[in-house]
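Each remark here refers to the structure printed beneath this line.
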Amino acid sequence: MPYDYRPQLDWIRAQAPAQREELLRLSNINSGSYHADGVNRVAARLEQLFAPLEAGVERLELPPHRVTNDRGDTVAHPVGRALRLRKRPDAPLQVFLAGHMDTVFGASHPFQAARVVDDDTLNGPGVADLKGGLLVMLLALSALERSPHRDRIGWEVLFNPDEEIGSEGSAPLFRDAATRHAFGLVFEPSFPDGNLASARKGSGNFDVIVRGRAAHAGRDPHLGRNALRAAAGVVAALDALNGQRRDLTLNVGYVHGGGPTNIVPDLCVVKFNVRTSVAADEQWLHAQLDRILADAQKKEGIKLELRGLFTRGPKVLTPSIERLASMIGDCGRQLGLALEFRPTGGCCDGNNLAAAGLPNIDNLGVVGGEIHSDREFMRLSSLPERAQLSALLLLRLASGDLTWN
Ligand SMILES: [Zn+2]
């Protein structure tokens with residue numbers, strides 16, 4: 001290394017004990033995606049934590065998130081605000097950093113508190129996904145701001161409140177950011193073995209609302225049109241799409257309908273998720289859905305309604321993503337980390353950035369695992385380690401030791 005980055009890297013190391021306490025505090029704030037007040041409390045704390053960096057701050061209201069309830073109606077759930085920070089928007093190299101503030105653990109979920117398991121392990125809601133990553137961002141940017149070369153890099157940070165429910169409300173903010181940056185860094189947790197994600201599958205969430213006709217099951221069964229029976233056919237047809245197209249998978253994850261067994265049920269709500277690997281999968285799937293719905297509606301008295309959309313396109317490797325990966329891999333080697341990149345079926349905001357044309361690496365947060373369960377953990381030693389990784393990338397780009405263009 002032609003420049004000595006040790007002062008900034010050592011500074012990160014020295015912050016580890018305080019950041020560990022901060023991560024405990026952040027994880028103890030419930031910020032389930034639908035708990036807007038809790039998400040806003042996380043945002044308020046982040047504003048305080050990032051204040052020393054003296055970036056411009058914007059709090060952005062997002063539209064409510066719409067979901068289908070068990071009656072088949074669309075209901076709107078308010079979500080928290082997004083927080084956007086911008087620093088040196090006129091600097092030669094513009095870098096975008098993002099992390100979500102919400103978790104999958106709602107206000108009434110039993111998993112509410114973080115605890116230290118051992119010297120290197122923290123267990124708690126969001127410790128890895130993604131609150132640890134928020135502090136990785138803080139440390140990496142703070143290290144850049146301590147560099148004499150910081151003026152070469154301008155940065156924008158986006159904290160969104162709705163990643164775990166598909167980022168529908170914050171998607172325009174990502175598309176917008178993609179137009180004014182060279183590349184993106186997203187702070188989802190790394191794989192449990194410390195390695196990083198390359199290609200990611202795309203994802204869509206859909207609902208089918210099946211309506212029939214209610215009738216007395218004993219006196220007038222001939223007048224009824226059983227919505228559960230029609231939904232069962234739809235579920236079987238949807239599941240049969242698995243294996244029909246390479247790397248496309250479909251999971252029916254929710255079915256709700258019926259009531260007392262002496263009533264022919266008139267309503268059933270079916271929800272499913274689809275994972276895609278190339279953009280053309282989306283058209284193919286829509287053609288299949290049209291066919292399945294048309295078939296089911298051939299039965300007199302049965303009506304179906306489809307709602308939903310693909311919220312994340314597949315993230316396909318491009319030369320610029322590979323270039324960014326190789327720069328990060330090189331920074332890792334300088335820090336003694338052997339990082340490998342591999343594809344995953346999981347998706348995140350990195351998908352949306354890539355779809356909008358912004359190359360990015362998207363799991364630069366802490367090392368952890370068992371996310372979305374009450375066994376979620378993160379490795380405490382990875383907080384300074386991953387902060388040093390992103391910091392070194394930024395420091396080397398700022399000094400000119402690495403060049404993006
Ligand atoms: Zn998650």
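Every number for a ligand or one of its atoms is a count from 1 in the order of the listing. Only heavy atoms go into these numbers, but all of them, side chains included; no hydrogens, no water, no symmetry mates. Treat the numbers as computed from the prediction; the structure is a model and nothing was measured.
Taking a cutoff of 4.0 Å between a charged side-chain nitrogen and a carboxylate oxygen, E58 and R81 do not qualify as a salt bridge.
Looking only at atom types and distance, the side chain of T121 has a donor-acceptor partner in the side chain of R379 under 3.5 Å away. Between the side chains of N273 and N251, no donor N or O sits under 3.5 Å from an acceptor N or O.
The distance from the Zn ion (ligand 1) to the nearest N/O/S atom of E188 is not under 2.8 Å. Here E164 meets the criterion, with an N, O or S atom under 2.8 Å of the Zn ion (ligand 1). Look at C348 and the Zn ion (ligand 1): no N/O/S atom of the residue is under 2.8 Å from the metal.
For the atom pair CZ of R213 and CG of D266, the computed distance is 10.5 Å after rounding to the nearest 0.5 Å.
The Zn ion (ligand 1) is closest to atom NE2 of H372 (considering only N, O or S atoms). Within D129, the N/O/S atom positioned nearest the Zn ion (ligand 1) carries the name OD2.
In the displayed structure, D119 atom CG is contacted under 6.0 Å by at most 12 heavy atoms of other residues, nucleotides or ligands.
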